[in-house]
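See structure below.
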There are 2 protein chains.
Amino acid sequence: MAIRVTIFDDNKKLLDSLDILIDGSPGFQIAGTFPNISNLIADIEKSQPDVILMDIEMPGMNGIEGVKIVKKHFPKINVMMQTAFENDEHVFEAICAGASGYILKSTSPSRILECIVEVYQGGSPMSPTVARKVLGFLQTPKKEPNLSNENKDDYNLTNREKEVLSCLVNGLSYKMIADQCNITYETVRSHMKKIYEKLHVVSMTEAVAKAINQKIVM
Amino acid sequence: MAIRVTIFDDNKKLLDSLDILIDGSPGFQIAGTFPNISNLIADIEKSQPDVILMDIEMPGMNGIEGVKIVKKHFPKINVMMQTAFENDEHVFEAICAGASGYILKSTSPSRILECIVEVYQGGSPMSPTVARKVLGFLQTPKKEPNLSNENKDDYNLTNREKEVLSCLVNGLSYKMIADQCNITYETVRSHMKKIYEKLHVVSMTEAVAKAINQKIVM
DNA sequence: TTTATTTTCCCCGAATTCGGGGATTTACTA
DNA sequence: TAGTAAATCCCCGAATTCGGGGAAAATAAA
């Protein structure tokens, strides 16, 4: 008996290709595909899925809300989240909301099928990176009281590097940072390279996002 | 440069076969193999591993204690636990102790090598069943006091613009965003111009900072 | 006093972003 | 039905960032 899969994804193209992939694979069957979750309950009752594939980034009500509703009304149905990014917040929220799996949109077709089976069988497939984040949530449960300085991981940035990063977060260009810190443009570049290396990022935007989200500066 | 692996396992046979498997695979290298952890610190200092494979069930001091010691003295080294059973207690304890991966002894050789790489690269490979248990630990304490206040000002961004901005916050380049959203590079540029206008910013970094700080995107 | 680490500066070529235009299609609304 | 907003796509040229080098002085640590 085939595993019935219902998909919620606003990306028409992806939705179609998933439809073809899943429905065309023996042992699987598409129960329904929907571009949004505005009729979530009704859609599920109509399609009667064993497993739900839910895009996390959808306009309007997003996938996190979606999974909450699903688990509330259909606790038996396992929901696998699909996302473009391995965003810390999303991972955590999705899991707390009751998601059973968490895979990337870039996952290969064959692996997607595997994951559907695993979810159906009660497992929780997730990418190693997501898994690491999940473990991280468990490993740092003892930090409710103080939240002031003594920021655990500042990635070993030097003072100068933090200063430069701080400028970056404030929207300054390399040239402006050079001016601000009384150093040359090339020196700013040197610091940036080091910062990228230490933060494991490759662009200004990533650096800024990480700096803010992990409170490395300010 | 090969990944250096050190193994602690009291089962001589398994130890040997792992030795052969890992040392015989390109890109891997056995740094040391030990039947117990009575000289854990010294053994690690001597073998200088990138990744440690630790059996969870060992006579005397067990793997849980082992991983605690490792993470205390060598926080950078990633430890992957190997176990015969997916015992709830063990899984939980091992993770809290700092293990980065958790695989079964029945895992196939090729998958073991994959897992070593994943752990080395900062991921956390684990079997779907273990993953489900881990998620269970997170899902049971359902405390969500942090309800962010409804910040109304979203600068009148359209759905598409929010989507693009969200990509930006995740560190994607224009080209990558185009790919992600199934639109052309030029369209991304158009959206970006609008976003800059609406947010009153002039660069990616400013946009990202504003988006995060004012919670314009999720 | 060696040995790191930090901070500083430079070059080249490739890739990416930015500003300022213009244009078409679709869809909603006054 | 005309008008507006949203979403799509294109061009040019200038500015900026990025990767991968190298190098040297000033501190800090061993």
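A, B, ... follow the sequence lines: proteins, then strands. Residue 1 opens every chain. Computed from a prediction, not measured in an experiment: that's the story for all the values here.
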If I take atom [atom1] in residue [X] and atom [atom2] in nucleotide [N], what distance separates them, rounded to the nearest angstrom?
X	N	atom1	atom2	value
B/Glu197	D/dA5	CD	P	12 Å
A/Ile177	C/dT7	CD1	C1'	16 Å
B/Tyr174	D/dC18	OH	P	13 Å
B/Asp179	C/dT16	CG	P	12 Å
B/Glu186	D/dA6	CD	P	20 Å
A/Met176	D/dA15	CE	C1'	14 Å
B/Arg189	C/dT16	CZ	P	13 Å
B/Met192	C/dT16	CE	P	15 Å

[X] side chain, from C-beta outward: closest of [options]:
X	options	result
B/Thr158	C/dC10, C/dG19, D/dA7	D/dA7
B/Val202	C/dG19, D/dC10, C/dT8	C/dG19
B/Lys193	C/dC9, C/dT8, C/dG20	C/dG20
B/Ile183	D/dC9, D/dA7, C/dT16	D/dC9

Could you say whether A/Met204 or B/Tyr185 is positioned toward the 5' end of DNA chain D, judged by the nucleotide with the nearest heavy atom to each?
B/Tyr185
Give the intermediate values and the outcome of side-chain contact (heavy atoms from CB on, under 4.5 Å) for residues A/Leu53 and A/Thr6.
CA-CA 6 Å; A/Leu53 256 182; A/Thr6 291; over 6 Å; no
Report yes or no: is there a donor-acceptor pair, N or O only, under 3.5 Å between the side chain of A/Ser190 and the base of C/dC9?
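Present.
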Residues A/Met80, A/Ile103; criterion side-chain contact (heavy atoms from CB on, under 4.5 Å); working and verdict:
CA-CA 7 Å; A/Met80 183 153 64; A/Ile103 62 173; 4.0 Å; yes
For a quick check under 3.5 Å, do A/Ser124 and A/Ser100 share a side-chain donor-acceptor pair by atom type?
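On atom types as modelled, these side chains do not qualify, holding no pair under 3.5 Å.
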Have a look at B/Ile30 and tell me which of B/Leu18, B/Leu21, B/Asp23 forms a side-chain contact (heavy atoms from CB on, under 4.5 Å) with it.
B/Asp23
When you measure from the side-chain N and O atoms of [X] to the phosphate of [N], is any distance below 4.0 Å, counting only OP1 and OP2?
X	N	answer
B/His191	D/dA7	no
B/Lys175	C/dT16	yes
A/Thr187	C/dT7	no

5'-most contact on DNA chain C: B/Leu172 or A/Arg160, nearest heavy atom basis?
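Nearest-nucleotide comparison on DNA chain C picks A/Arg160.
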If you count heavy atoms of other groups shown closer than 6.0 angstrom to NZ of B/Lys198, is the number above 12?
yes
